[in-house]
Engineer: 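Below are the structure tokens for one structure; questions will follow.
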4 protein chains.
Amino acid sequence: MTSAPSPARRPGASRTGRPRSADADRAILTATRAALVELGWGKLTLGDVAARAGVAKTTLYRRWAGKNELVVDAVAALFDEHLELPDRGSLHADVEGVVLQFAALLERPETKTALMAVVAESTRDDALRDRIRSAIVDRQKSLVLLGRERAQLRGELPREEDGAAAARTADLIFDVIAGAVVHRTLVSAEPVDAEWARGFTALLVGGLTAVAVPGAAGGRAPDA
Amino acid sequence: MTSAPSPARRPGASRTGRPRSADADRAILTATRAALVELGWGKLTLGDVAARAGVAKTTLYRRWAGKNELVVDAVAALFDEHLELPDRGSLHADVEGVVLQFAALLERPETKTALMAVVAESTRDDALRDRIRSAIVDRQKSLVLLGRERAQLRGELPREEDGAAAARTADLIFDVIAGAVVHRTLVSAEPVDAEWARGFTALLVGGLTAVAVPGAAGGRAPDA
Amino acid sequence: MTSAPSPARRPGASRTGRPRSADADRAILTATRAALVELGWGKLTLGDVAARAGVAKTTLYRRWAGKNELVVDAVAALFDEHLELPDRGSLHADVEGVVLQFAALLERPETKTALMAVVAESTRDDALRDRIRSAIVDRQKSLVLLGRERAQLRGELPREEDGAAAARTADLIFDVIAGAVVHRTLVSAEPVDAEWARGFTALLVGGLTAVAVPGAAGGRAPDA
Amino acid sequence: MTSAPSPARRPGASRTGRPRSADADRAILTATRAALVELGWGKLTLGDVAARAGVAKTTLYRRWAGKNELVVDAVAALFDEHLELPDRGSLHADVEGVVLQFAALLERPETKTALMAVVAESTRDDALRDRIRSAIVDRQKSLVLLGRERAQLRGELPREEDGAAAARTADLIFDVIAGAVVHRTLVSAEPVDAEWARGFTALLVGGLTAVAVPGAAGGRAPDA
DNA sequence: GATTAAACGAGACGGTACGTCTAGTCTTGAA
DNA sequence: TTCAAGACTAGACGTACCGTCTCGTTTAATC
């Protein structure tokens with residue numbers, strides 16, 4: 001899964017003059033990730049990023065409006081590269097797969113540091129929240145939607161008629177998966193290992209099945 | 001639920017000299033919460049907090065090492081005051097209760113802003129993480145443990161023999177509840193309303209029951 | 001008598017980047033003198049100087065290392081502007097002229113306040129002492145040397161053959177003149193009026209003549 | 001020459017309560033001199049002095065109004081102890097003696113640092129100037145008066161009839177001696193050695209004699 | 001090939017907050 | 001009442017970054 005290259009937003013891109021260096025974009029984003037790992041969000045300074053990238057501060061500010069925007073772009077690239085959902089054959093396997101994949105991403109030092117910081121900042125900045133949503137959150141959510149679709153095709157989960165209700169259920173599942181992994185990783189600060197993933201998957205799939213067929217729980221019981 | 005007063009960490013609290021003013025502690029924590037709501041984490045300055053509290057900056061720095069420590073203490077007090085778990089008669093009702101209560105707390109502007117910021121910072125600072133854990137996380141987790149205990153007494157959930165496994169299960173449940181609420185509130189930025197709480201509770205209780213009695217889930221249908 | 005402009009010491013003055021504003025230099029030095037007169041050395045704060053000059057504190061610190069350096073430069077400009085020695089026709093008249101001129105300078109509030117403070121500080125800081133010497137002391141001493149040269153041309157004083165001895169004598173005369181005026185003005189805190197200048201001149205010229213022609217002092221009586 | 005012990009100014013010394021410790025006074029003054037030598041005026045802090053003296057800051061403030069007063073007292077004690085003028089038999093020898101003695105005092109690190117600093121401060125503070133005058137300056141001046149008196153008794157200098165004129169002459173001589181030594185020591189930062197003292201004495205005595213008997217300089221020519 | 005408009009590096013600029021320091025005062029309990 | 005201890009208010013210190021602004025210098029697309 002790879003999306004449009006995030007760099008430079010040039011509203012009225014002119015035709016003449018020296019074009020912006022693509023090298024600079026790359027160098028800046030790479031330097032941002034490196035600095036993030038070394039220093040953390042709080043001590044990350046744009047002057048330092050520019051110096052690492054071998055670029056003047058003005059060049060950096062010509063392309064990004066500030067720290068938040070820059071870091072979101074730098075981190076979003078990682079989410080682009082590392083999220084995908086091959087069909088593992090069952091709802092159970094797919095859930096476990098997505099949990100482990102998401103956890104692996106969150107345990108990288110640059111994402112661990114950056115994600116929470118950017119999200120924290122987004123509680124005060126609607127534009128930033130939208131940016132995070134489209135660059136990061138929605139990419140994760142699409143995996144959950146895809147997995148659910150497959151489970152419905154396989155008959156593991158019923159297909160909901162009401163579109164709005166279906167969307168609400170999808171959101172709920174997404175919040176549960178992403179939330180549990182984030183909380184385990186960043187707040188509880190414990191690793192998401194195979195055992196935890198197995199337990200979580202059993203709980204979630206059990207819940208989904210129980211809710212889907214209330215009173216007569218699951219034809220296909222999870223193989224726990 | 002009310003715990004020890006968080007104030008002043010004085011390593012070798014001496015017997016002589018003028019004692020620290022308890023008024024100052026109160027004024028500073030109150031001012032911190034107010035400033036947090038008005039300005040948000042990023043624009044919160046300790047000089048401003050001191051001015052609001054009618055206190056010199058040095059007095060503030062004598063008691064807290066920095067912004068993080070101060071804000072954790074200021075916010076932790078809210079968690080002390082606003083978390084409790086009356087027995088609502090069933091696992092289902094207890095889960096729904098704890099979800100709504102936790103969400104209400106997280107939707108207060110001061111906690112919303114502060115919690116993520118502090119957690120973000122804690123990814124780089126072990127001392128801060130421990131502080132958060134003991135001041136905030138553990139208080140929430142104790143509610144989950146209490147609810148589970150009650151459910152086991154009622155016979156809604158089996159009592160696990162293996163202590164370590166029991167602890168792991170408790171951690172899992174806690175990460176799922178807290179994570180889902182946090183993610184819904186702060187990342188998805190959608191309200192935790194009665195409908196969402198109902199859906200989440202059904203999913204979680206369904207999962208717990210299915211996992212606990214695999215192959216014959218249910219009995220007590222999750223409709224409160 | 002006007003020497004090189006004292007401004008900014010930029011070790012390896014670079015060719016690139018935005019050049020330093022010359023206006024800022026002027027504004028800062030002017031503001032420093034004004035603040036010195038109003039507040040005195042002890043209450044002079046660099047933040048206040050910066051504010052008066054309409055300049056950021058950082059701009060000030062970029063150019064001067066601290067209070068001492070700044071004030072020396074600010075005051076040195078006055079010594080540049082106000083010291084000169086027109087030929088008054090006789091040793092006697094020249095001495096009286098230089099005494100009155102130096103006293104007038106020392107009685108200006110900004111010099112009175114600053115000179116002693118800076119000199120006091122210089123007892124602990126060799127770099128500062130060198131700075132004072134080249135910016136202030138040497139300018140005064142050159143007047144004394146000039147006056148002596150003229151007196152020798154006129155035949156009022158003998159020309160010393162031994163260069164080292166001549167230099168020692170010049171230093172001695174300088175210490176006597178400058179020391180007496182400084183002590184009268186700043187320690188005894190009495191005015192250097194025409195009468196005092198006349199008495200001092202008689203004493204000094206008498207001494208010089210007596211020493212130069214021991215046993216037969218005078219010839220030219222010291223009554224101008 | 002030893003004067004009243006300068007310490008503690010207790011306006012209405014009370015009869016009851018714990019008496020003030022005399023040890024404390026001594027310890028504070030000694031600590032002040034030590035700190036002055038080590039740190040210089042600018043970095044001398046009263047907190048540090050109190051700590052060195054093994055005394056609480058309050059004790060210090062109970063006895064002296066501030067830094068200036070304390071340092072003047074601490075230094076004045078040295079002037080008490082080290083100034084005296086034995087009769088050396090001639091004006092010439094007496095001048096040389098007083099010059100060397102005063103120079104020796106000024107070259108002690110604690111006086112060198114303190115005297116200028118206190119004098120500098122006194123340009124803004126009349127009370128401080130009076131204090132310096134009575135504690136330091138007048139003690140020096142009395143030596144000059146004494147030496148002049150002796151010279152008049154010996155017939156080396158004429159006795160002036162006009163009291164006011166006599167006082168003016170005495171002041172002038174004092175400013176020349178003290179000023180030259182101070183300027184040589186602190187501004188020119190050169191040592192007052194035997195050679196300099198000889199040259200200065202010749203100049204001054206020559207001047208005094210020439211002025212006293214204008215047109216027929218000195219019966220007793222200096223033996224330079 | 002000359003022109004030209006924008007990007008570039010360097011670094012100074014006005015600001016703001018930082019966390020530390022010192023001055024001088026006040027409050028405690030013990031002597 | 002003084003003492004040691006140490007908390008208190010007030011405010012300057014010098015530093016670090018922020019984001020903007022000049023400079024003089026490339027650099028490609030257009031003429």
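Chain A is the first sequence line, chain B the second, and so forth, proteins listed ahead of strands; every chain is numbered from 1.
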Engineer: Classify D:Leu44 by what it touches in the nucleic acid, base, sugar-phosphate, or nothing, heavy-atom distance under 4.0 Å.
Structural biologist: sugar-phosphate

Engineer: Report which part of the nucleic acid B:Gly66 touches: base, sugar-phosphate, or nothing (heavy-atom distance under 4.0 Å, all strands).
Structural biologist: nothing

Engineer: Is any NZ, NE, NH1 or NH2 atom of the basic residue among B:Arg20 and B:Asp25 found under 4.0 Å from an Asp or Glu carboxylate oxygen of the other?
Structural biologist: no

Engineer: Remember a base hit wins even if backbone is also touched, and classify B:Thr59 as base, sugar-phosphate or nothing at under 4.0 Å, heavy atoms.
Structural biologist: base

Engineer: Decide, yes or no, whether a salt bridge links C:Arg52 with C:Glu38 under the criterion of side-chain N to carboxylate O below 4.0 Å.
Structural biologist: yes

Engineer: Of the options E:dT20, E:dG15, E:dT22, whose atoms approach the side-chain atoms of B:Tyr61 most closely?
Structural biologist: E:dT20

Engineer: Taking atom types as they are modelled, is there a donor-acceptor pair under 3.5 Å from the base of E:dG15 to the side chain of C:Lys57?
Structural biologist: no

Engineer: Taking only N and O in the side chain of C:Arg20, is any of them less than 4.0 Å away from OP1 or OP2 of E:dG11?
Structural biologist: no

Engineer: Side chain of B:Ala24 only, please: which of F:dG14, E:dG14, F:dC8 is the nearest?
Structural biologist: F:dC8

Engineer: Within this structure, what is the CG-to-P distance between A:Asp48 and F:dC18, rounded to whole angstrom?
Structural biologist: 9 Å

Engineer: Given atom CG of A:Leu46 and atom P of F:dA16, what is their separation to the nearest angstrom?
Structural biologist: 17 Å

Engineer: Would you indicate, yes or no, if E:dA6 has its OP1 or OP2 atom less than 4.0 angstrom from a side-chain nitrogen or oxygen of A:Arg63?
Structural biologist: no

Engineer: Consider the side chain of B:Thr58, meaning its heavy atoms from C-beta on, and name the nucleotide among E:dC21, E:dC8, F:dT20 that approaches it most closely.
Structural biologist: E:dC21

Engineer: When we call it a touch if two heavy atoms are under 4.0 Å apart, what does B:Gly54 touch: a base, just sugar-phosphate, or nothing?
Structural biologist: sugar-phosphate

Engineer: Taking atom C1' of E:dG24 as reference, at what distance in whole Å does atom NZ of C:Lys43 sit?
Structural biologist: 13 Å

Engineer: Once each nucleotide of nucleotides 25-31 of chain F is scored for protein heavy atoms under 4.0 Å, what B/S/- sequence comes out, 5' to 3'?
Structural biologist: -BBSSS-

Engineer: Can you measure C:Trp64 atom CH2 to F:dC13 atom P for me and round it to whole angstrom units?
Structural biologist: 16 Å

Engineer: May I ask you to say what B:Ser21 touches in the nucleic acid, namely base, sugar-phosphate or nothing, with a heavy-atom cut-off under 4.0 Å?
Structural biologist: sugar-phosphate

Engineer: Against A:Arg131, only a single residue in A:Ile136, A:Asn68, A:Asp73 fulfils side chain to side chain contact (heavy atoms under 4.5 Å, CB included); can you say which?
Structural biologist: A:Asp73

